[in-house]
Amino acid sequence: MSTVPSDVTLPEPSDVLTEYSMAEIRDWMSRFPDDQKQSAVLGSLQAVQHQNQGFLTTELMDAVAVMLEMPPIAVYEVASFYSMFETQPVGKHCVAICTNISCMLMGSDTIVDHVESKYGIKLGESTPDGKIYLKVEEECLAACAGGPMMQVNHKYYTDLSPEKVDEILDNLDDATSDH
């Protein structure tokens, strides 16, 4: 990794990653030729983000860079480009309401307004208790026929009404999430 300045020390992955995360990264690496380890960056970041309650730190991204033999800046670029990654602490349960054109035409604005009003937060914010993060979803979530729809912890919910949203969000388990 000659692209790392000499005054920068990267962490030893085993010092910052769990055994489970390192095994996940090795599994992702095994799916690609040895000279294409960087192809495992998306799956690796997803595993590490899950380890850290839904967000990535510089130290965690550096550990991924070490394991994948990538320049750290390349890992940061991926993490900041894809909306599936968070680089700041967020609420335990990630709620992404699709606001793209199809869902908007089917009433997603009503759903967003309802959730913002009920929880006292805006898109891009977490509830004060840290339970819910209302993600800003920039693009389509690819469930246009079932709009309005939302994704909660990577699970899709379609044909939403305010009542259906309440039922889903009110029943989120405080003990588990799948960021």
Side-chain angles (χ1 to χ4, degrees), residues 11 13-25 28 41-65 72 75-100 103-104 107-143 146-179:
S14 61
D15 290 343
V16 295
L17 301 176
T18 64
E19 274 301 318
Y20 182 82
S21 290
M22 289 191 303
E24 284 280 307
I25 293 169
W28 278 104
V41 70
L42 289 174
S44 299
L45 288 173
Q46 191 72 39
V48 172
Q49 179 170 271
H50 182 74
Q51 166 192 318
N52 198 45
Q53 284 74 50
F55 75 101
L56 298 167
T57 64
T58 301
E59 185 177 48
L60 291 170
M61 291 184 280
D62 286 347
V64 168
V75 177
Y76 307 157
E77 289 169 343
V78 171
S80 65
F81 179 79
Y82 289 99
S83 66
M84 68 178 93
F85 299 118
E86 301 298 335
T87 57
Q88 299 295 320
V90 296
K92 182 179 207 85
H93 298 284
C94 183
V95 177
I97 301 168
C98 182
T99 55
N100 214 296
C103 283
M104 183 187 69
S108 65
D109 290 347
T110 301
I111 302 301
V112 170
D113 291 345
H114 175 73
V115 173
E116 287 181 340
S117 175
K118 178 174 179 159
Y119 291 98
I121 57 174
K122 297 286 184 194
L123 290 173
E125 297 178 350
S126 296
T127 55
D129 65 1
K131 183 175 180 180
I132 293 182
Y133 169 55
L134 189 53
K135 184 174 185 70
V136 175
E137 193 55 56
E138 300 88 11
E139 289 298 327
C140 179
L141 289 171
M149 65 84 57
M150 69 180 176
Q151 189 182 63
V152 180
N153 300 331
H154 307 290
K155 182 177 178 183
Y156 277 32
Y157 296 92
T158 58
D159 303 308
L160 297 175
S161 65
E163 297 77 23
K164 188 172 180 183
V165 169
D166 286 347
E167 181 181 332
I168 294 162
L169 298 183
D170 289 348
N171 289 307
L172 289 174
D173 182 357
D174 288 332
T176 62
S177 74
D178 188 25
H179 263 299

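All values below were derived from every heavy atom in this structure, side-chain atoms included, with hydrogens, water molecules and symmetry-related copies excluded.
With sequence neighbours excluded, no residue forms a side-chain hydrogen bond (donor to acceptor under 3.5 Å, both in side chains) with T57. Residues meeting the side-chain hydrogen bond (donor to acceptor under 3.5 Å, both in side chains) test with E125, sequence neighbours left out: none. By the side-chain hydrogen bond (donor to acceptor under 3.5 Å, both in side chains) test, K118 pairs with D166, D170, sequence neighbours left out. For P162, the side-chain contact (heavy atoms from CB on, under 4.5 Å) test picks out T110, I111, H114, with sequence neighbours left out. The side-chain contact (heavy atoms from CB on, under 4.5 Å) search around T127 returns Y119, I121, D129, K131, I132, not counting sequence neighbours. Take N171 and apply the side-chain hydrogen bond (donor to acceptor under 3.5 Å, both in side chains) test, not counting sequence neighbours, and it matches no residue.
Proximity of I25 to V48: side-chain heavy atoms (C-beta onward) are separated by under 4.5 Å at one or more points. Looking at M61 and P72, their side chains never come closer than 4.5 Å, going by heavy atoms from C-beta outward. Between Y133 and E86 the shortest side-chain heavy-atom distance falls below 4.5 Å. Residues I168 and K155 fail the side-chain proximity criterion, which asks for heavy atoms closer than 4.5 Å.
Applying the side chain to side chain contact (heavy atoms under 4.5 Å, CB included) test between V165 and each of V112, V115, V95 identifies V115 as the sole match.
Looking only at distances, a side-chain donor or acceptor of Y156 sits under 3.5 Å from a matching main-chain atom of L141.
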